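Scroll down for the structure; my scribbles are underneath it.
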Amino acid sequence: MDETEFWEIVDSTREAAEGDPDDHADLLVERLLRLDPDAVLDFARHFESRWNRAYTWDLWGAAAVLLGGASDDAFDAFRCWLIGQGREVFEGGVHDPDTLAELLEDFDEDIDGDGEELGYAADEAYERLTGVDAPDLGIPPQAAEPAGTAFDFDDDAALARRFPGLWERFGT
């Protein structure tokens with residue numbers, strides 16, 4: 001599976017789910033069940049690689065603005081959700097998290113930002129196809145610390161300076 005096919009699967013299932021993250025995860029599993037197990041593992045590698053790439057302090061700060069704070073677990077779920085938003089939103093958000101202010105049409109913290117179940121979709125599909133847990137994907141694990149420079153997510157003034165677009169639209 002190449003990168004284009006990966007994003008096509010993400011996009012088609014998101015559109016069919018009409019933006020609902022839980023429905024998106026269910027539809028993604030159903031779509032992956034139509035593939036052979038090796039293709040499901042390829043999808044998982046693409047997903048995991050992007051999830052690892054999104055492990056940055058700046059993106060974590062953007063998640064804190066959007067979610068009104070972001071614990072470790074909330075940021076993990078946010079990165080899954082961000083991948084689920086498709087290539088343009090994902091790439092833009094990773095490159096410059098403040099551009100999420102322009103890339104996101106709207107954001108409802110009650111339903112958006114938590115795509116944890118998307119992160120399990122490939123594992124679930126693989127297990128249902130084969131009857132066994134997915135093997136190690138053979139990609140480097142997430143770094144011990146996020147990339148970039150750490151900063152205080154509880155400092156509203158720092159968040160507003162660092163993410164002026166996001167703060168204006170979504171800050172408290």
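Counting from 1, the numbers follow the sequence of the chain as shown. What you see is a predicted model; the values in this text were computed from it and never measured.
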Are more than 12 heavy atoms from other residues, nucleotides or ligands located less than 6.0 Å from atom CD of Glu3? yes

Minimum heavy-atom separation for Leu28 to Leu118, with atom names? CD2-CD2, 4.0 Å

For Glu18, is there any backbone N or O sitting under 3.5 Å from a side-chain donor or acceptor partner on Asp23? no

Could you tell me if the side chain of Leu100 sits less than 4.5 Å from the side chain of Leu59, heavy atoms only? yes

If every non-hydrogen atom of Val89 is compared with every non-hydrogen atom of Leu104, which pair is closest and at what distance? CG1-CD2, 4.0 Å

Does Arg50 use its side chain to pair, donor to acceptor, with the backbone of His46 at less than 3.5 Å? yes

Spell out, as yes or no, whether a donor-acceptor pair under 3.5 Å connects the side chain of Asp98 to the backbone of Leu166. yes

So do Val132 and Tyr126 actually touch side chain to side chain, heavy atoms under 4.5 Å? yes

Residue Glu88 excluded, over 12 heavy atoms near CD under 6.0 Å: no

Test item: Leu33 and Val29 side chains (from C-beta on) under 4.5 Å apart, heavy atoms: yes

Indicate the atoms forming the closest heavy-atom contact of Phe43 with Ala122, along with that distance. CD2-CB, 4.1 Å

If you draw the axis of the six-membered ring of Phe151, does the NZ or CZ of Arg161 fall within 45° of it and under 6.0 Å from the ring centre? no

Is the closest basic N to carboxylate O distance between Arg31 and Glu8 below 4.0 Å? no

Please identify each residue that fulfils salt bridge (Lys or Arg N to Asp or Glu O under 4.0 Å) with Glu91, with sequence neighbours left out. Arg53

Which atoms form the tightest heavy-atom contact between Met1 and Leu35, and what is the distance? CE-CD1, 3.7 Å

Please name the pair of heavy atoms, one in Ala54 and one in Phe90, separated by the smallest distance, quoted to 0.1 Å. CB-CE1, 3.9 Å

State, with a plain yes or no, whether a side-chain heavy atom of Asp22 is found less than 4.5 Å away from one of Glu117. yes

Chi angles and distances behind the side-chain contact (heavy atoms from CB on, under 4.5 Å) call for Phe163, Asp96: CA-CA 9 Å; Phe163 310 108; Asp96 179 1; over 6 Å; no

Mind telling me whether Phe107 and Phe170 have parallel, tilted or perpendicular rings, with 30° and 60° as the class edges? perpendicular

Hey, is the main chain of Ala70 close enough, under 3.5 Å, to the side chain of Trp60 for a donor-acceptor pair? yes

Would you call the rings of Phe153 and Trp57 parallel, tilted or perpendicular, taking 30° and 60° as the class edges? tilted

On a heavy-atom basis, the closest approach of Val40 and Leu32 is CG2-O, 3.4 Å

